[in-house]
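Following: one structure in structure tokens, then a few remarks.
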Amino acid sequence: MKHISMRKTLPHLDTSLLSDLPPFSRLDRRQIRTIIDQSTSRRYDAGTAIFEEGHPAERFYMLLDGYVRVIRITYTGEQITALHIPSGQLLGIAKAIGLSNYPATAMCATESIVLSWPMHLWDVFVREYDGFAPEAYKTLGNRLGEVHNRVVEIATQQVEQRVANALLRLMTQTGRKVENGIEIDFPITRQNLSELTATTLYTVSRLLSGWEKQGLIKSKRKRITVCDPHALVVLGQTQTRSD
DNA sequence: CCATTAAAGGTCA
DNA sequence: TGACCTTTAATGG
């Protein structure tokens, strides 16, 4: 028995934790102090949910460290990954578009550190804090745009293109430089990728194996490194259709 | 071109 | 060891 996540307030939360993050970057020290004092901080293990689809949206969150997978459950009980959220972003901000329940589950892809506030403070933040609302809406807009792009891809592209593009997006959004390329910074399985691209884990596995043989990527269990981004870009745009 | 099914080997706690 | 991850092959829409 180990690594039990306990809810607790960490002792020394410095104002610098938030002062560089867009939703709070226009605020002075005193305001940020107030915001932090109203927050609850918590660490989550990888694989645990911060909040779940359908539950009342009681709190909103700022991801300080880690990665979160936004997941929806289908009629048959399967999960599909909608998008990934990197640290420094707000999440659980359903209130911004008038929802009273969370529209999706937020699952930690890695160990994560999160600040949260009771939802009744949302209106206070929007009213009192310069730049907060625009940044929140910008975040929502970006996510909506990303989901839109995927809908278009799924409707118009072949599986190979979709997987290549998904990989490129993850690389640019969460990539970390390593010696032989750029590694996606959190554990991701064939299953996860297949959910993102509306295909099966077997097809993803076959594609990745092929790309690895050609030297485009390297992969270990739950880890993928892109070695040749340009080749993937080409793959992602090539229409291998008879003309 | 791609999903499904089945089977087997690998990895991790 | 058991649960989870990955690959490969066969089959069929």
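A note on names: the letters A, B, ... follow the listed sequences, proteins ahead of strands, and every chain is numbered from 1.
- OP1 and OP2 of B/dC2 both lie 4.0 Å or more from every side-chain N or O belonging to A/Thr200.
- Nearest heavy-atom pair across A/Leu121 and A/Phe60 is C-CE2, 4.2 Å.
- Around atom NZ of A/Lys218, no more than 12 heavy atoms belonging to other residues, nucleotides or ligands sit under 6.0 Å away.
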Would you please test A/Arg176 and A/Glu183 for salt bridge (Lys or Arg N to Asp or Glu O under 4.0 Å) and show each step?
CA-CA 5 Å; A/Arg176 183 170 50 83; A/Glu183 181 180 83; 2.4 Å; yes

Quick one: which protein N/O atoms are closer than 3.5 Å to N/O atoms of nucleotides 5-8 of chain C? Pair and distance per line, please.
unit_1 : atom_1 : unit_2   : atom_2 : d
C/dC5  : O4'    : A/Arg221 : NH2    : 2.8
C/dT6  : OP1    : A/Lys222 : N      : 2.9
C/dT6  : OP2    : A/Arg190 : N      : 3.0
C/dT7  : OP1    : A/Arg190 : NH2    : 3.2
C/dT7  : OP2    : A/Arg190 : NE     : 3.0
C/dT7  : OP2    : A/Arg190 : NH2    : 3.4
C/dT7  : OP2    : A/Ser205 : OG     : 2.7
C/dT7  : O5'    : A/Ser205 : OG     : 3.4

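- Nearest heavy-atom pair, A/Val159 versus A/Thr203, reported as atom, atom and distance to 0.1 Å: CG1-CG2, 3.6 Å.
- Centroid-to-centroid, the aromatic rings of A/Phe125 and A/Trp117 come within less than 6.0 Å.
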